[in-house]
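Before any comments, here is the structure.
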Amino acid sequence: MPDLRKATKPFFNLMMFPYPSGEGLHVGHVYAFGGADTYGHFKKMQGYDVFEPMGFDSFGIHSENYAIKVGKHPKTLIEETTEYFRQKQLKRLGALFAWDQEVITSDPDYYQWTQWLFIQLFKAGLAVRKSAPVDWCPSCKTVLADEQVVAGKCERCSSEVIQRELEQWFFKITTFAEKLLTNLDKIDWSTTTKQMQKNWIGRSEGAEIEFEVKGLEGQKIKVYTTRPDTVFGSTFMVLAPEHPVVASIENKEVQEYVEEAKNKSEIDREKEKTGVFSGLYALNPLTKKEIPVWIADYVLMGYGTGAIMAVPAHDQRDFEFAKKYNLPITEAISGGDVSKEAWVGEGKLVNSGEFSGVTVKEGQQKISKYLEEHHLGQRTTNYHLRDWLISRQRYWGPPIPMVYCEKCAVEGKSWFTTAEAEVRSKKSEVKSEKNKEKKIPTSNFELRTYAQAMKGWYPVPEEDLPAKLPDLEDYQPKGKGVSPLATLTEFVNVKCPECGQDARRETDVSDTFLDSSWYFLRYPSVGIESSTKKIGGHEVKLPWNEEINKKWLPVDMYIGGNEHAVMHLLYTRFITMALNAMGFIDFEEPFKKFRALGLIIHKGAKMSKSRGNVVNPNEYMDAYGADALRMYLLFIGPFEAGGEFNDRAISGVYRFLTRVWNLVTETKFSDKENEYLSGRLNKLVAKLGSDLENLKFNTAIAALMEFLNELYGHKDKVSREVIKTYLKLLAPLAPFTAEELWEQIGEKGSIHTQNWPTYQRITEERITLPVQINGRLRSSVVVNSSDFPNEEKILEIVKQNETVKKHLEGRQLVKTIYVQGKIVNLVVR
Ligand code: ANZ
Ligand code: ZN
């Protein structure tokens, strides 16, 4: 491992750390780590100071659920599982892991800083507490982040997710939606990953339009639409059941409908369109016609304004709804038959007053402009990205480090009314004046409203961190929206950090994805003294050493699975941006380069315990060694594609390594270099360098195999230099074998500290030309490809050939036929 302080060519080679499951590492891990480590070894031989850390994502529901299943306390379990992973598996891989700088997220040494991070986000107005309809998993008994709901089901246990109204902590990731999107152009990431993030952020351009409502004096309802060109076709309005206007409607049928919608899962809301008439009428701002206002749960409160102008002629959902409830359908864009289905294609505006006749695109521009000029609406951009829900009503996570004081709340006090907050906001105003870029995109006005909402809330004082997770015997989830920690009065009851009166602690823990959102920032500083930094007039202790982090971050290469494309990878980007905006670090993007690897499948499917197709790597390491397993996995297919694990094929790679072994140990090295072998080796060096840099491990291995055949074919001509170079090329892929053989041939030091071989640029090639005499193949000559067009020179070389000379002796050369670059024919008499 390099000395992190002294390193002059730092290269941070990161791979996604595992959560220590009960089953141990599976071959998918070996694939990921083996590939990433091969790359690390390669960079090291290129002269970089490679830092390749490893750790454990040991907090979280996955670990807790497993603990419940086997009837152990998660703390005991984690000690056992991490020990197994580390000693029995990871250490056998031959990787460059920097074990001295391991990170374990459930360790107080680590999670004190996860809590610190929460506090910084709170102080910057980026952690908000709000009551919101949240996705609740009735089986895991906790709320889920948006990203953890897949097709209406809990990603972890597949239970149907239901909606609940709960007070929760959220991180305002939406503040950075635009930056999260545009920065993608600046980083070198797998395109699939970038695309997934783009889709998840879901930028949408449209307009907010205000509709007057009859009977609600002065109150207007705002809708969000991406199709302002269709306003003339809006024949009714739909509100989400949770829309604030709905609560004020005193109608039994309406309120019953609202109740029903509350308990439905999002997927059920999408399935069958149901709705109820509100009794209200809105005024279409362009047709000036009264349109009925309906309430339906296919409109979601969490997006846009929670209200839509329904255009059944051009939106399929609205069309189905109109058909079901007999609502009018008015065509606004020509081109389809809107009595049969919604027309969503191009066309000209019709029935649209002065706008009739223009195209959809023009219509959008013109109508938006008209609405803006008449103060009826405004162009806006929306993002599908939701704020990150942080609270978990579970045990096995870092307690959210917040305290609530009733007394202070009554007096309108909070952390935001303290002297520290005052100084901090002043300083950040000055800073944002100077450097607009760095400013957290929260206006002072927003921050004040936020502070209002945070009445009574204080962070645990930073010097008191960690807010220790108590040892709780009965840690199982309790349901009803409270964490098991709420049962522990010694934990709950604290004094208010401000007024000293009785207060209570937040009892929820934070989402596991918070633990892993910043671990890369911690790695280089493990075991090294933390720095302090002046932030807003206060000396703030940092989770890292600044000098070290300046040198080592951002991460040079990150390798991991694409299943993390939206959660982990988006959260880490957000946290990095937030820390940057707060002035803690000077870069915005955590990972300069990211490569997603493919999936290893077995028996035609992704490996999973329930399918019973999980391959345990230990078995194969025992039988064939770690090198063969690593190398076999990388040989299956392109690294970014993955492929099918095959029991038998691994023995092929094992055989290859055995043949390398035999060749090296049995060969008597020739003391002359062989021109042919050197030429081939030169090409091999070039190929391996470019293949490894591009993570094309499979073709690199194939080239090594091919070259081994050449070596066997010229066994008596193999020099020591050729073998040394060959072993160096093999070293990143088969670290143990290469090291052993290096020693066997009597070389000093480790092969892994050798320089990567250089090669001569191949501008020309040595080509063998066959020579025929009177139509029969008699000999061949080796010429430079650059001499091909020079017939004279080629013939000169041919005539110098010993065999040719013999055939020409005493005869007369009557004709020469040279087919450029292919063959030489001599006719003699
Ligand atoms: C009128 C209209 C006419 C629409 C038309 C579409 C087609 P994206 O691209 O996802 O942003 N919408 C707006 N808010 C909604 C909500 N909270 N719940 C459900 N649907 C909502 O889509 C925006 C479109 O989805 C909006 O444009 C709105 O329907 C609907 F021919 O308005 B549209
Ligand atoms: Zn107080």
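In each ligand, atom 1 is the first atom listed, and ligand 1 is the first ligand listed.
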ask   = Hey, is V311 touching ligand 1 through its side chain, its backbone, both or neither, going by heavy atoms under 4.0 Å?
value = side chain

key: Parallel, tilted or perpendicular: rings of H564 and H568 (30°, 60°)   = perpendicular

message = Checking a contact table here: which protein heavy atom is nearest atom 3 (C) of ligand 1, and how many Å away?
response = T230 OG1, 3.4 Å

request  = Mark the output for S204 as yes if a heavy-atom distance to ligand 1 is under 4.0 Å, and as no if none is.
outcome  = yes

request  = Mind checking side-chain hydrogen bond (donor to acceptor under 3.5 Å, both in side chains) for K323 and listing every partner two or more places apart, or none if nothing turns up?
outcome  = none

message = Taking only non-hydrogen atoms of H384, do any sit less than 4.0 angstrom from ligand 1?
response = yes

task = Return the orientation label for the F574 and W388 ring planes: parallel under 30°, perpendicular over 60°, tilted otherwise.
result = perpendicular

query = More than 12 non-hydrogen atoms from neighbouring residues, nucleotides or ligands closer than 6.0 Å to CD on E372, yes or no?
reply = yes

Closest approach of any protein heavy atom to atom 18 (N) of ligand 1, naming residue and atom = L300 N, 3.0 Å

request  = Among all protein heavy atoms, pick out the one at the shortest distance from atom 6 (C) of ligand 1; state its residue, atom name and that distance to 0.1 Å.
outcome  = D315 OD2, 3.3 Å

key: Option with minimal heavy-atom separation from atom 11 (O) of ligand 1, where the choices are Y383, Y303, Y224   = Y303

inquiry  = Does any part of the side chain of Q115, heavy atoms only, come nearer than 4.5 Å to the side chain of E462, both counted from C-beta?
reply    = no

query = Who's the nearest protein heavy-atom neighbour of atom 31 (F) of ligand 1, and how far?
reply = H314 O, 2.8 Å

task = Output every pair passing side chain to side chain donor-acceptor pair (under 3.5 Å) with a member in residues 234-244, not counting sequence neighbours, ordered by first then second residue.
result = E242-R269

Heavy atom of the protein closest to atom 19 (C) of ligand 1 (residue, atom name, distance) = Y298 O, 3.6 Å

query = Can you find a non-hydrogen atom of V299 under 4.0 Å from ligand 1?
reply = yes

inquiry  = Could you check whether Y370 and E354, counting side-chain N and O atoms only, form a donor-acceptor pair closer than 3.5 Å?
reply    = no

message = Counting non-hydrogen protein atoms only, what is the nearest one to atom 15 (C) of ligand 1? Give residue, atom name and distance.
response = I308 CG2, 3.6 Å

task = Between R317 and ligand 1, find which residue part has any heavy-atom pair under 4.0 Å and reply side chain, backbone, both or neither.
result = side chain

query = Is R227 in polar range of ligand 1, meaning some N or O pair under 3.5 Å apart?
reply = no

query = Which of parallel (below 30°), tilted (30 to 60°) and perpendicular (above 60°) describes Y298 and F321?
reply = tilted

note = Looking only at protein heavy atoms, what sits closest to atom 33 (B) of ligand 1 is T225 OG1, 3.6 Å

ask   = What orientation do F277 and W294 show, parallel under 30°, tilted 30 to 60°, or perpendicular over 60°?
value = tilted

query = Is the Lys NZ or Arg CZ of K130 less than 6.0 Å from the centre of F170's six-membered ring, within 45° of the axis?
reply = yes

request  = Output all residues satisfying side-chain hydrogen bond (donor to acceptor under 3.5 Å, both in side chains) with K324, sequence neighbours left out; order by chain, then residue number.
outcome  = E272

ask   = Once the angle between the rings of W169 and F122 is folded into 0 to 90°, is it parallel (under 30°), tilted (30 to 60°) or perpendicular (over 60°)?
value = perpendicular

key: Protein N, O or S within less than 2.8 Å of the Zn ion (ligand 2), waters excluded   = C405 SG, C408 SG, C496 SG, C499 SG

request  = Could you walk me through whether E506 and R129 pass the salt bridge (Lys or Arg N to Asp or Glu O under 4.0 Å) test, one step at a time?
outcome  = CA-CA 11 Å; E506 168 66 67; R129 193 175 159 80; 3.0 Å; yes

message = On a heavy-atom basis, I'd like to know which of V238, L239, V344, T226 is closest to atom 27 (O) of ligand 1.
response = T226

